[in-house]
Amino acid sequence: MSALQKYQTELIEHGMAVGALKFGTFTLKSGRSSPYFFNAGLLASGPVLDTLSSAYASTIADALKAAAAGSPGLPEFDVLFGPAYKGIPFAACTALLLHRDHKIDVGYAYDRKEAKDHGEGGVMVGAPVKGKRVLVLDDVATAGTAIRQAMDTVRKEGGEVVGAVLMLDREEVGKNGEHTIAEIEKLVGGQGRVPTILKMQHLMTWLEQNGRTEELQSMQAYRDQYGVKD
Ligand code: OMP
């Protein structure tokens, strides 16, 4: 079991308190029946947004430092892209905190779900991504469909996706049996380019620390079926 950082415990406990992180039985977009679900859309108050955006910003800053020191990590980028709708406030707040707390200055952008045919037109709003190095920010990755879609949106607009940052890596395998995050890393240039705040194993550590044995057992059974091999 992996140790929990303070910001990881905070995010888990805030998530539980507002009903964003739930244990039970849930059908996922991929059709899998899961013993837990993390709905980032419910992380919707000032304090919770602070916890989440601070965690995104620290995760990005650490990954940039790692790469600068020659370890797997994130290369420098120009624009943070948060896909509509949930990604929009998260990208905006994270760009703010990268500036305020880490002295990292980047633009932020997001898309519209429906393209506009008048005014400024197009699907993109915010900092232009054309010809820019873009970091995609998203909430959860299971089979990788959502994150791939976000990457396609940026590429169609002429941006170069150099990495992605996620709130939760559910540590599942995709259709070809490979860890979803490893597949995405390959698409954006290699290991270390998709840092995540939380992994499924962190949720399991938290359940263990809190004596929630039944839920932990369901998590382990699910992981044995759909998860990466430990
Ligand atoms: P993939 O597109 O399969 O990677 O699943 C990720 C998406 O599923 C997210 O963007 C959410 O829309 C949704 N989701 C969650 O929000 N939380 C979860 O815990 C699990 C899922 C999911 O359906 O897999």
Side-chain angles (χ1 to χ4, degrees), residues 8 11-44 48-49 51-53 55-56 59 80-94 110-113 123 135-155 161 163-188 193-207 212 215-216 218-228:
Q8 293 173 321
L11 183 54
I12 293 170
E13 292 183 352
H14 263 142
M16 299 274 300
V18 298
L21 173 59
K22 284 191 171 150
F23 296 94
T25 307
F26 306 91
T27 303
L28 304 184
K29 205 169 81 179
S30 54
R32 296 174 184 175
S33 174
S34 165
Y36 75 108
F37 195 88
F38 206 139
N39 177 3
L42 290 174
L43 299 175
V48 176
L49 203 49
T51 300
L52 176 63
S53 309
Y56 271 126
T59 302
L80 196 56
F81 173 72
Y85 296 99
K86 279 185 267 177
I88 299 173
F90 301 157
C93 292
T94 302
Y110 51 94
D111 59 338
R112 300 177 208 277
K113 290 233 173 180
V123 294
L135 180 68
V136 173
L137 179 153
D138 210 353
D139 52 2
V140 179
T142 305
T145 313
I147 186 79
R148 283 170 200 263
Q149 240 167 29
M151 287 163 53
D152 283 350
T153 304
V154 172
R155 287 178 176 148
V161 180
V165 62
L166 293 164
M167 175 189 77
L168 174 64
D169 168 12
R170 293 179 50 106
E171 297 186 290
E172 298 189 27
V173 293
K175 286 188 195 79
N176 67 6
E178 199 184 349
H179 181 195
T180 296
I181 297 301
E183 287 174 359
I184 304 295
E185 279 181 338
K186 278 190 203 151
L187 295 176
V188 296
R193 291 200 175 203
V194 187
T196 59
I197 300 170
L198 288 173
K199 296 181 194 303
M200 184 200 198
Q201 57 178 309
H202 296 124
L203 303 183
M204 293 174 74
T205 301
W206 186 86
L207 288 171
R212 297 174 69 146
E215 285 146 331
L216 182 59
S218 308
M219 295 286 272
Q220 188 58 58
Y222 182 79
R223 193 178 175 91
D224 290 344
Q225 187 172 4
Y226 297 113
V228 289

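Atoms within each ligand, like the ligands themselves, are counted from 1 in listed order.
- No part of Ser30 comes within 4.0 Å of ligand 1, judged by heavy-atom distances.
- Formation of a donor-acceptor pair under 3.5 Å by the His202 side chain with backbone atoms of Lys199 is found in this model.
- Taking all atoms of both residues into account, the shortest heavy-atom contact from Met200 to Arg223 is SD-NH1, 3.4 Å.
- For atom 10 (O) of ligand 1, the nearest protein heavy atom (residue, atom name, distance) is Asp139 OD1, 3.3 Å.
- For Asn39, the closest heavy-atom approach to ligand 1 does not fall below 4.0 Å.
- Under the 3.5 Å distance criterion, the side-chain polar atoms of Thr180 are matched with a main-chain donor or acceptor of Glu172.
- Judged purely by atom type and a 3.5 angstrom limit, Asp111 uses its side chain to pair as donor or acceptor with the backbone of Ala84.
- Less than 4.0 angstrom separates some heavy atom of Leu28 from each of these atoms of ligand 1: 20 (C), 22 (C), 23 (O), 24 (O).
- For atom 3 (O) of ligand 1, the closest heavy atom belonging to the protein is Ala143 N, 2.9 Å.
- Of all protein heavy atoms, the one lying nearest to atom 23 (O) of ligand 1 is Lys29 N, 2.9 Å.
- Residue Phe37 holds the heavy atom nearest to atom 21 (C) of ligand 1 of all those in Phe38, Phe37, Tyr36.
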Checking Gln8 against Trp206 for the side chain to side chain donor-acceptor pair (under 3.5 Å) test, could you report, in this order, the C-alpha distance in whole Å, the side-chain angles of both residues, the deciding distance, and whether it holds?
CA-CA 9 Å; Gln8 293 173 321; Trp206 186 86; over 6 Å; no
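- Under 4.0 angstrom from ligand 1, there are no non-hydrogen atoms of Leu168.
- Other residues, nucleotides and ligands place no more than 12 heavy atoms under 6.0 Å from the NZ atom of Lys22.
- At the top of the distance list for atom 6 (C) of ligand 1, counting protein heavy atoms only, stands Val140 O, 3.2 Å.
- The closest protein non-hydrogen atom to atom 11 (C) of ligand 1 is Lys86 NZ, 4.3 Å.
- Looking at Arg170 against ligand 1, only its side chain comes within 4.0 Å, counting heavy atoms.
- Scanning the protein heavy atoms around atom 24 (O) of ligand 1, the nearest turns out to be Thr142 OG1, 2.6 Å.
- Summarising the geometry, atom OG1 belonging to Thr196 is positioned 12.5 Å from atom CG belonging to Asp138; distances are rounded to the nearest 0.5 Å.
- Atoms CG and CZ, on Leu203 and Phe23 in that order, are 5.5 Å from each other to the nearest 0.5 Å.
- For ligand 1, the atoms sitting less than 4.0 Å from at least one non-hydrogen atom of Gly144 are 1 (P), 3 (O), 4 (O), numbered in the order shown with element in parentheses.
- Distance OG1/Thr142 to CZ/Phe38: 13.0 Å, rounded to 0.5 Å.
- Considering backbone and side-chain atoms alike, Asp138 places every N or O at 3.5 Å or more from each N or O of ligand 1.
- At least one N or O atom of Ala146 sits closer than 3.5 Å to an N or O atom of ligand 1.
- Ligand-side atoms of ligand 1 in range of Ala141: 4 (O), range being under 4.0 angstrom from any heavy atom.
- Interatomic distance, Ile12 CD1 to Ile197 CD1, rounded to the nearest 0.5 Å: 11.0 Å.
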